[in-house]
4 protein chains.
Amino acid sequence: MNERSFIVPLSMPTKRSEPQLDRRAQILDAAMICFAECGFHQTSMHDISAKAGISVGLIYRYFKNKEEVIAALAAEHKKDIAQLFERAGEAPTLLAAMEVLFTSHCCKNSPQILSAFVVDLFAEASRNPRVAKVVRGVMRAKAEGVAALIARSPEAKRSAHGLAPQEIAEMIFAVNDGTMLRSVLGPANMSANQQRERQLNVARNLWGLLFDRTSHANGHR
Amino acid sequence: MNERSFIVPLSMPTKRSEPQLDRRAQILDAAMICFAECGFHQTSMHDISAKAGISVGLIYRYFKNKEEVIAALAAEHKKDIAQLFERAGEAPTLLAAMEVLFTSHCCKNSPQILSAFVVDLFAEASRNPRVAKVVRGVMRAKAEGVAALIARSPEAKRSAHGLAPQEIAEMIFAVNDGTMLRSVLGPANMSANQQRERQLNVARNLWGLLFDRTSHANGHR
Amino acid sequence: MNERSFIVPLSMPTKRSEPQLDRRAQILDAAMICFAECGFHQTSMHDISAKAGISVGLIYRYFKNKEEVIAALAAEHKKDIAQLFERAGEAPTLLAAMEVLFTSHCCKNSPQILSAFVVDLFAEASRNPRVAKVVRGVMRAKAEGVAALIARSPEAKRSAHGLAPQEIAEMIFAVNDGTMLRSVLGPANMSANQQRERQLNVARNLWGLLFDRTSHANGHR
Amino acid sequence: MNERSFIVPLSMPTKRSEPQLDRRAQILDAAMICFAECGFHQTSMHDISAKAGISVGLIYRYFKNKEEVIAALAAEHKKDIAQLFERAGEAPTLLAAMEVLFTSHCCKNSPQILSAFVVDLFAEASRNPRVAKVVRGVMRAKAEGVAALIARSPEAKRSAHGLAPQEIAEMIFAVNDGTMLRSVLGPANMSANQQRERQLNVARNLWGLLFDRTSHANGHR
DNA sequence: GATGAATGAGGCTTCATTCAT
DNA sequence: AATGAATGAAGCCTCATTCAT
C-alpha cells in the first residue's frame, strides 16, 4: 500500500487486454523466428525467451506449454492466410490475385524463414492431431478461397479446360505448396529476389496453361 | 556353389560382409519407420533400437551418431529416387512414366509414412547442411530425370506450349512435391487407395494441360 | 582338418608359455602407452587393443579385467624399480648410483610418458587399495635401496650432517618424486634433454648439500 | 535488524549476488571432496550434486560442464596458494615461513584430501591443456614466492652454499611436492598428526642443510 | 587362441516446467 | 506481472565385459 493507492483506484480502468496481447505477440514473434531457424523441437523455451527478451517463466503466463505456443502460431498462420485472401480478393484480375497468393511466403521476413516454418508445421501436423486440425483448416480455407476466386472470374470460366474450380484450385495449391517446400533449400548462391522470381515463374507457367492469355487484360469483377 | 568350391572346400563361402549390411539395413528400416512416425528429433535412439529389436549400443557400431543415421537414410532416399527413374524410363509412354513417378511415395510402406519422412527430410535440410546437400542432389536428379524423359518424348515436344523441358519438369515436380506435402495430412476418413487416386488425379489434370490428348495413345519410344 | 595336420603333431611341443608372455607383454606395453597418454580411466579397453593391434576380447584372455591390467603394470613398475637398484648398485660411486636413480624416469620412452603414468599410479593408489599395496611396496623398496647404498658408502658416512640414512633416503626420494611430479608439466618449449638436465640439476644441488665434494673421486666400495 | 531498517524498511537489504557465489562455492566444495575421494573421472556429476545436496541440473547453471568445474577448482587452488604466500610472508623468520608452506596441504580438510586432489590435478594437467595452464601458473607463483622469501632473508643469504635463490626454491618445492605426492599413500596406521610430523621432518632436514643453524634465532627481516 | 558383434548400465548434458520471491 | 533458480526425467553416447564362432 503506497500513496498511489489512494489516487488510482485499485483496478485500472484502461485497456487491460492490451499488454496481454502485446506480450503474446512478442512471444509469438520470437517463437516464429526461433522455430523457423531451428525447428519446433530443437527450439528450447529458453531460446524463445531470450529472443523475446523476457524470462522463461513469463512465457508460461501466456501459454500453458510449448505445444500451445506451436498451436497459437498455427492459428496465427491460419489468420495470415485469411488476410491474404482478403488482399487477393481485392486484386483487379485473377492473375493479380494469384500473384498475391504465390508471393506471400516470400515476403514477411526472408523467403526461407516462413517456408521453413510452414514445412515444420506440416511435419508437426502429421504427428500432432491438434496442429493437424488447424493445418487442415488452413488447407481447406485456401482451397475454398481460390475456388471462389475462380468461380467468380470470367476468364477462368472461359478456359477451364473442363476442370472443376475445385480441381483447378487443388492444382494451384499443389504447385504453390510444392514450390514452397522446395524453396527451403534455396541455393545459397541465389539472392532472395532471384528465388522469388524463379518461384513466381513456375506459377506463371501454370497460369499460362490454365487461363487464356487474352483474358489477362480483363478485370475479373 | 561355383567351381572354386571344389578346389577350396575347407573354407565356407562365408558371407562376411553380409551381416554388416543386414544390420545396417535393419537399423535403417527401423529408423525410417520411427522417423516417419515421430520425426527425427522426437525419435530417440532407444526408439530405433527397440523397433529394430537390438540394443542401443549396437547402433553405434554401424553409425557414428544419430545424424549419420539420418544422413544414411537421406542417401538411401536418393538411391530410391534413382531406381524410380530407372523404372520410369522403362515405361511405354510419357504418361505411364509420370504415373510411376507420381505414385512412388504411396507405395513403399503406407502412403503417409514416406511422405512424412520426406517432409521431415526437407525440414532438416533447411537447417542441416549435410542433409541439405543430399536433398539438393535428390532434387537435381529428379529435375534432370524428368527433363530427360520429356526431351525424348514426341508427345511432349508437340505440346510444349512454348515451355522449355526444364520448366515443364519444374512444374511437374512442384505439383509432385506439393501433393506429397499435402498428403501428410491425409484425412483419416479416406482410405489409402482413395488418397492415392485423389493425388493421381491432380497429376493427371496437370498432364492434361501439358500434353495433347491425342498423343496419349502413342508410345514415346 | 587339413593336410598339415598329418605333418605337424596336434600339439606343438615347443615353448608353450612363451607366446603367453609375449601377448601379455604386448598388451602391457600398449596399455602403458595409453595410460600414460590418457590416464587409466580415460583409456578404454578398445584403446589398448587397438594400440596392441589385437582384438578387445583377447585382452580378457590374459587379464581378468581392466583393473588387473593396471595392477599388472603397477607390478611391472615395481620390477623396473628393482632392476634400477641392481644397476645403481653396480655404479662406482654413490653419486653415480644416484644419477642412475634420478634419470630413470627420463629414459624409457619420453620424459613425460613414464612420469604421467607414475603420477596416475599414485592417484590410483590413493583410491584403490590393491594398487596402493603395490605402490607402497615400491616406495619401501626405493627407500630401503637408497638407505642401503648410503649405509655402505664411506663418503656419505663422512658427511651425514647428523642425519640417519633413512632420513637422507627419504629426502632424496622426496626430491626425486617431486621432480617427477613437476615434470609432467614440462614446458612444451623445452627439449627432452633440456628437461632432463634441469631435473638432474635439482638432484645434483641436493647431493652437493648432502655430500662432501672431496669424496666425489672416491669409489664407495 | 539494524538501524537501516528504520529508514528503508520496505525493501529488504537483499543479497542478490550472494546466493550465486554461495551456490558456486557449495558446488565447488562438494566437487573438491568428490574429486579427492574418487578422482576427476570417476566422479560423476550426480556424485557432486548429491554431495552438494542439489539436483544435477543445477550444476549446469553455474558451470558449463564438468571440465569447467575442474578448471574452477584449479583456479581456486591457485588462489589458495597465493593466500598461502601472503600468510607465509608475514611469518617472522624464513623457517617459520617455510613451515607455513609445507604444512598447507595438511590442514584444509584432512591430510590426504588435498593431496589426492592436487595429484589428480597434475595428472589432469598432463593431458588437459587448460588445466595445465593453471597448474603451470601455480608452479610459477610458488617458485617466485619462495625465491622472493629467500632473497630478502639474511640467514638464507649467508648460507646459500653457492646456490641461486631460484635453485634453492626449486629444490624446496621438489621436496614439498614429492612429500605431498608420497602422502597420498599415508599408511593407514598413522594418525594425521603423525603424518604431518613425518612430512615436516623431511622439510626440516632440508632446511638444516640449506641454512645455518645459527641463523634460526634471527628474524629474517 | 582369436575375433568382434552384442549388451546394457551409466555418464554427461539439456530442457520443459514449476515456484518462491 | 516478472524473474530465474531449481528440479529431474530423458536423451545421446561410451564402454567394460561376454560369448558365439
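Letters A, B, ... mirror the listed sequences (proteins, then strands); counts begin at 1.
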Counting neighbours of NE2 on C:His46 that are heavy atoms of other residues, nucleotides or ligands and sit closer than 6.0 Å, is the number greater than 12?
no
A:Glu67 versus A:Arg130, closest heavy-atom pair with distance
OE2-CD, 3.4 Å
Whole-Å distance between F:dC12 C1' and B:Glu67 CD?
13 Å
Would you call the rings of A:Phe35 and A:Phe40 parallel, tilted or perpendicular if under 30° counts as parallel and over 60° as perpendicular?
perpendicular
For C:Lys64 and F:dT17, what is the distance between atoms NZ and C1' respectively, to the nearest whole Å?
12 Å
Given F:dC13, F:dA16, E:dC12, the nucleotide with the shortest approach to the side chain of C:Met45
F:dA16
Need the pair for E:dT21. Rule: Watson-Crick or G-U wobble, both distances under 3.5 Å, any strand; none if unpaired.
F:dA2
Rounded to whole Å, CD1 of B:Ile48 lies from C1' of F:dC13 at a distance of 13 Å
From CD of D:Glu68 over to C1' of E:dC12, roughly how many Å is that when rounded to an integer?
14 Å
Among the nucleotides F:dT7, E:dT13, E:dT17, which one has an atom lying closest to any side-chain atom of D:Val56?
E:dT13
Closest nucleotide among F:dA16, E:dG8, F:dT7 to the D:Ser55 side chain:
F:dT7
Please classify the nucleic acid contact of D:Thr43 as base, sugar-phosphate, or nothing, using heavy-atom distances under 4.0 Å.
sugar-phosphate
Choose from E:dT17, E:dT7, F:dC12 the nucleotide whose nearest atom is closest to any side-chain atom of B:Leu58.
E:dT7
State the pairing partner of F:dC15; accept Watson-Crick or G-U wobble contacts with both distances under 3.5 Å, and report none otherwise.
E:dG8
Please state whether the phosphate of E:dT14, meaning OP1 or OP2, lies under 4.0 angstrom from any side-chain nitrogen or oxygen of D:Tyr60.
no
By nearest heavy atom, map B:Ile54 and D:Phe40 onto DNA chain E; which one lands nearer the 5' end?
B:Ile54
Heavy atoms only: give me the nearest A:Cys34-A:Lys51 pair and the separation to one decimal.
SG-CB, 3.8 Å
Between atom CZ in D:Arg61 and atom C1' in F:dG4, what is the gap in whole Å?
6 Å
Starting at the 5' end of DNA chain E, which residue's closest nucleotide do you reach first, A:His46 or D:Ser44?
D:Ser44
Starting at CZ of A:Arg24 and ending at C1' of F:dA1, how long is that distance when rounded to a whole Å?
17 Å
Using the side chain to side chain donor-acceptor pair (under 3.5 Å) rule, take B:Gln26 and B:Asp22 through it: C-alpha gap first, then chi angles, then the decisive distance, then the call.
CA-CA 6 Å; B:Gln26 179 189 3; B:Asp22 278 4; over 6 Å; no
D:His41 atom NE2 is separated from F:dT14 atom C1', nearest whole Å, by 15 Å
Nucleotide E:dT14, atom P - distance to CZ of D:Phe63 in whole Å:
15 Å
